Amino acid sequence: MCSHYNLKAKTKDIENKFNARYETPEDDELEIIANGYTHLRMPVICNDTPHQIKRYHWGLIPTWTKDTTQARELANMCLNAKIETIEEKPSFRESAQHKRCIIPATSFYEWKWLDSKGKNKEKYEIKLQNNQIFAFAGLWSNWTNKNTGDTIYTFTIVTTQANELMAEIHNTKKRMPVILTSEETSLWLNHTTEFEHFTEIAQKKELTAISLEPQNNLLF
DNA sequence: CCAGACGTTGTT
DNA sequence: GTCTGG
DNA sequence: CCAGACGTTGTT
DNA sequence: GTCTGG
């Protein structure tokens with residue numbers, strides 16, 4: 001499961017890459033290692049405002065969520081969404097139809113299990129081969145807390161079957177996020193391409209996996 | 001029927 | 001809101 | 001990972 | 001003690 005990723009880039013480069021502008025001012029250079037379970041607000045570009053970069057919480061909260069307790073549970077569950085079933089799942093289908101987004105990133109993390117118990121794991125950081133900024137395919141949602149009237153904006157990262165390299169690393173479940181180049185993001189946002197096609201797109205990505213030193217804890 | 005889930009995968 | 005397991 | 005279950009049947 | 005759901 002893709003539950004940690006990194007966005008390390010100059011804000012100007014992110015803006016230029018995706019032809020979009022930050023909604024609110026940012027530092028010149030970002031380096032954010034996002035841990036899904038902390039539900040950080042991360043930069044996203046949504047289908048309804050494709051030239052704006054907004055910050056949404058990672059961990060999708062469906063519109064029908066009843067209260068904050070349930071919201072917390074769902075946000076923890078909905079860090080990822082399988083592309084094969086997003087049209088069916090109650091948590092995702094509304095978003096799959098109307099609420100798509102892309103999530104700028106420069107790398108993500110995965111562990112290779114070296115034994116069946118997961119006692120020994122090898123950490124990897126995965127990037128595009130040319131080390132370019134890329135984007136995950138994602139879904140967004142807006143949830144209004146009936147008690148406070150506050151609306152929380154959230155997103156999830158869409159996953160698909162692993163390609164050859166990722167299956168080597170994510171050797172238990174063999175999944176990986178749907179990775180898009182800046183040229184491919186409009187295919188996802190504009191809703192014009194079949195879901196199966198994104199699996200093909202993801203399979204073809206040239207990725208580089210860097211084995212991380214055991215002592216590198218990346219603040220996790 | 002109706003309370004409880006609603007998700008992915010092994011918290012990388 | 002809608003589905004589903006018990 | 002680690003708290004919590006560890007069972008079967010299928011509501012009356 | 002060991003499995004497993006979250």
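As the structure is a prediction and not an experimental result, all values here were calculated from the model. Side chains are part of it too, since the values below use all heavy atoms of this structure and drop only hydrogens, waters and symmetry mates.
Distance from the side chain of A/Lys66 is smallest for C/dG1 among the nucleotides B/dT11, B/dG7, C/dG1. Proximity note for A/Ser3 (side chain, C-beta onward) versus B/dT11, C/dG1, B/dG7: the nearest is B/dT11. Taking every side-chain heavy atom of A/Arg175 into account, B/dT9 is the closest of B/dT11, B/dG7, B/dT9. Comparing B/dT8, C/dG1, B/dT11 by their closest approach to the side chain of A/Pro90 singles out C/dG1. Of the listed nucleotides (B/dT11, B/dC6, B/dT8), B/dT11 has the atom at the smallest distance from the side chain of A/Trp111.
Between the P atoms of D/dA3 and B/dT11, the separation comes to 14 Å (whole Å). Distance check on atom C1': D/dG7 versus C/dG5 gives 16 Å, rounded to whole Å. For the P atom pair drawn from D/dC1 and B/dT12, the interatomic distance equals 8 Å after rounding to whole Å. With both ends at atom C1', the span from D/dC2 to B/dG10 equals 12 Å, rounded to whole Å. The separation of B/dA5 from E/dG6, taken at their C1' atoms, amounts to 13 Å, rounded to a whole angstrom.
Across the protein-nucleic acid pair, A/His4 atom NE2 and D/dC1 atom C1' stand 12 Å apart, rounded to whole Å. Atom C1' of nucleotide B/dT12 and atom CZ of A/Phe136 are separated by 11 Å, given to the nearest angstrom. B/dT8 atom C1' lies 16 Å from atom CE of A/Met176, rounded to whole Å. Following rounding to the nearest Å, A/Leu74 (CG) and B/dT8 (P) show an atom-to-atom distance of 12 Å. As rounded to whole Å, 9 Å separates atom P of B/dG10 from atom CG of A/Asn80. Atom pair A/Ile169:CD1 and B/dT11:C1' shows a separation of 17 Å (rounding to whole Å applied). Atoms CD (A/Glu88) and P (C/dG1) sit 22 Å apart, rounded to a whole Å. At whole-Å resolution of the value, CH2 in A/Trp58 and C1' in B/dG7 are 14 Å apart.
When both pairing distances are held under 3.5 Å, B/dG7 makes no Watson-Crick or G-U pair with any nucleotide shown. Base pairing annotation: D/dC1 forms a Watson-Crick or G-U wobble pair with E/dG6, both donor-acceptor distances under 3.5 Å.
Here the CG-CD1 distance, from A/Leu60 to A/Ile157, works out to 11.5 Å after rounding to the nearest 0.5 Å. In this structure, OG1 in A/Thr144 is found 9.0 Å from CD1 in A/Ile152, a value given to the nearest 0.5 Å. For the atom pair CZ of A/Phe92 and OG1 of A/Thr156, the computed distance is 4.5 Å after rounding to the nearest 0.5 Å. Atom OG of A/Ser211 and atom NZ of A/Lys112 lie 9.5 Å apart (nearest 0.5 Å).
Comparing A/Glu110 and A/Gln70 against DNA chain B, the residue whose closest nucleotide sits nearer the 5' end is A/Gln70. Toward the 5' end of DNA chain B, the nearer of the two residues A/Tyr124 and A/Asn76, judged by each one's closest nucleotide, is A/Asn76.
At the heavy-atom level, A/Ser107 lies nowhere under 4.0 Å from the strands shown. Within 4.0 Å of A/Lys174, counting heavy atoms only, lies no atom of the nucleic acid at all.
With 3.5 Å as the limit, one finds no donor-acceptor pair spanning the side chains of A/Thr199 and A/Gln161.
Under the 3.5 Å distance criterion, the side-chain polar atoms of A/Trp58 are matched with a main-chain donor or acceptor of A/Leu79.
Between A/Phe108 and A/Tyr5, the distance from one ring center to the other does not fall under 6.0 angstrom.
When each of A/Lys127, A/Glu125, A/Lys8, A/His4 is checked for a side chain to side chain donor-acceptor pair (under 3.5 Å) with A/Ser107, only A/Glu125 meets the rule.
Within residues 91-98 of chain A, the residues approached by DNA chain B to less than 4.0 Å at the level of any non-hydrogen atom are A/Ser91, A/Phe92, in residue-number order. Less than 4.0 Å separates DNA chain B from at least one heavy atom of each of the following residues of residues 151-164 of chain A: A/Thr159.
A salt bridge links A/Lys205 to A/Glu184: at least one charged side-chain nitrogen sits closer than 4.0 Å to a carboxylate oxygen.
Within the 4.5 Å cutoff, the side chain of A/Val178 has no heavy atoms near those of the A/Trp188 side chain. The shortest side-chain heavy-atom distance between A/Ile179 and A/Leu207 falls under the 4.5 Å cut-off.
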